[in-house]
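A short write-up of the structure that comes next.
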Amino acid sequence: MPELPEVEVTRRGFAAGIRGGRILHARVDPGLRWPLGLAADRLVGTTVGGVDRRGKYLILELDRGLLLIHLGMSGSLSFRPVQPPPGVHDHMDLVTDRGQLRLHDPRRFGAVVWAPGLESPRAQKLLSKLGVEPLSDAFDVRSFHAALKSHHAAIKPVLLSGRVVVGLGNIYASEVLFRAGIRPTVRADRLSLARVERLHAAIRTVLSHAIERGGSTLRDFCGSTGEAGHFLLDAAVYGRAGLPCPVCGTPIKHIRQGQRSSYFCPSCQRF
DNA sequence: CTATGGACCTGAATGC
DNA sequence: TGCATTCAGGTCCATA
């Protein structure tokens, strides 16, 4: 599920509600991607501050250290006054006096990691190689263009890697390239400044639009985490192999790049 | 350093 | 119907 928009919408859904909450009980299953890094009991008695996001990581500030939460492929968070008894795939419960935060993640590619601070090795190991935040001022056309120059692989896997710019997953990488009229197979370093400009604009537009849509759909986040896939309602190319391009009607093509599916319109995205 | 392929894990969809 | 295969919105790690 979670690319940047989903993670951001999730963050907005519970950040205000959990702020100031004192942790009364904490449970984290072993068997997520990485171990928590301390006994869950040690979290009891600490207070939750702000909830930030870096790429697809959520960062819960505690008065002692922080929790990095990643949703992996199938993770979702819900925040409610009281949670029902945990099911098999509910791998984390953070019970506070302001509500209960639960991680549901069938595939267990997600993670909950405690670190003493943002600069600690534990946190830096996960965060240090991340590219720029696409919706921040630091994401500008010139430095984006410059950064792409050092990548000789196809643009689609480069976007997906998160090394240049974070937040684009397999769906939005295809969507953004469609909007920019760029073929997913073009080498990143071969893109002209003009094309990088279009790509830059497409990334901002698509991601912020998706957040707005999700925000309105998930107004009642307190109750649930929303329907998987509802962000896809306006996908132009993703998952639409053989179907007509919404702009020109040409059948959408499906290819594989580094074991991942890519979709594009062979007419609108000529090179 | 960059680029590639395998690994992790479950469940839904597809094929015989 | 039953069983095997393929695919899925992520990303770290080993290898070239």
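Every chain is numbered from 1, with letters handed out A, B, ... down the list of sequences.
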N or O in side chain of A:Y238 less than 4.0 angstrom from C:dA8 OP1/OP2: no
Let me have the donor-acceptor pairs involving side chains of residues 239-247 of chain A, under 3.5 Å, with sequence neighbours excluded, atom names and distances please.
{"from": "A:R240", "atom 1": "NH1", "to": "A:A236", "atom 2": "O", "distance (Å)": "3.0"}
{"from": "A:R240", "atom 1": "NH1", "to": "A:P244", "atom 2": "O", "distance (Å)": "3.4"}

Using the P atom on both, measure B:dA12 against C:dT11 and round to a whole Å. 23 Å
What is the distance, to the nearest angstrom, from the NE2 atom on A:H104 to the P atom on C:dG9? 18 Å
A:R179 to A:Y172, cation-pi by 6.0 Å centre distance and 45° axis angle: no
Would you tell me if any nitrogen or oxygen in the side chain of A:H70 comes within less than 4.0 Å of OP1 or OP2 on C:dT11? yes
Would you be so kind as to tabulate the donor-acceptor pairs closer than 3.5 Å made by side chains of residues 62-73 of chain A, with sequence neighbours excluded?
{"from": "A:D63", "atom 1": "OD1", "to": "A:T47", "atom 2": "N", "distance (Å)": "3.3"}
{"from": "A:D63", "atom 1": "OD2", "to": "A:T47", "atom 2": "N", "distance (Å)": "3.3"}
{"from": "A:H70", "atom 1": "ND1", "to": "A:G72", "atom 2": "N", "distance (Å)": "2.8"}

Would you kindly give the CG-to-C1' distance between A:D105 and B:dT10, to the nearest whole Å? 10 Å
Measure from CD1 on A:I69 to P on C:dG10 and round the result to the nearest Å. 18 Å
Looking only at atom P, what distance separates B:dC9 and C:dC3, rounded to whole Å? 24 Å
Summary of salt bridge (charged side-chain N to carboxylate O under 4.0 Å, His left out) pairs that have at least one residue in residues 122-138 of chain A, sequence neighbours excluded: A:R53-A:E133, A:R54-A:E133
Below the 4.0 Å mark, does B:dA3 have OP1 or OP2 next to a side-chain nitrogen or oxygen of A:H152? no
Just N and O in the side chain of A:R260: are any of them under 4.0 Å from OP1 or OP2 of C:dG10? yes
Report the nucleotide, chosen from C:dA8, B:dT10, B:dA3, that has the shortest atom-to-atom distance to any side-chain atom of A:M73. C:dA8
Using a heavy-atom cut-off of 4.0 Å across all strands, would you classify A:R256 as base, sugar-phosphate, or nothing? sugar-phosphate
Looking at the base of C:dG9, is there any donor atom on it, or on the side chain of A:E6, that sits under 3.5 Å from an acceptor on the other one? yes
Can you name the ring pair (Phe, Tyr, Trp, His ring centres under 6.0 Å) partners of A:H209, sequence neighbours left out? none
Are any of A:K125's side-chain N or O atoms less than 4.0 Å away from OP1 or OP2 of C:dC13? yes
Under 4.0 Å between a Lys/Arg side-chain N and an Asp/Glu carboxylate O for A:R27 and A:D93? yes
From NE2 of A:H254 across to C1' of C:dC7 the rounded distance in Å is 9 Å
Decide whether A:Q83 and A:S78 meet the rule of one side-chain donor and one side-chain acceptor closer than 3.5 Å. yes
Are A:F264 and A:F178 an aromatic pair, judged by ring center distance below 6.0 Å? no
Whole-Å distance separating the CG atom of A:L126 from the P atom of C:dG10: 16 Å
Go nucleotide by nucleotide along DNA chain B from the 5' end; which of A:H89 and A:H151 gets its closest nucleotide reached first? A:H151
note: A:K149, atom NZ; B:dT2, atom P; distance rounded to Å ~ 16 Å
Would you name the heavy atoms of A:L32 and A:V28 that are closest together and state the gap between them? CD1-CG1, 4.2 Å
Rounded distance (Å) that lies between atom P of B:dA3 and atom CG of A:L148: 11 Å
Using a heavy-atom cut-off of under 4.0 Å over every strand shown, decide if A:S261 touches base, sugar-phosphate, or nothing. sugar-phosphate
A:W34, nearest nucleotide to its side chain (from B:dT2, C:dG9, C:dC12): C:dC12
Following the transitive rule for hydrophobic clusters with a side-chain heavy-atom cut-off under 4.5 Å over Ile, Leu, Val, Met, Phe, Trp and Tyr, establish whether A:M92 and A:F14 coincide in one cluster. yes
Whole angstrom is fine here: how far is it from CG in A:L32 over to P in B:dT10? 12 Å
A:R142/A:D140 salt bridge by N-O under 4.0 Å criterion: no
Once Watson-Crick and G-U wobble pairs under 3.5 Å are found, how is DNA chain B written in dot-bracket notation, 5' to 3', with | for any base paired to another strand? .|||||||.|||||||
Protein proximity profile, nucleotides 4-9 of chain B - base contact B, sugar-phosphate-only contact S, no contact -, cut-off 4.0 Å on heavy atoms: SSS-BB
Write down the distance separating the P atoms in B:dG11 and C:dC12, rounded off to the nearest Å. 24 Å
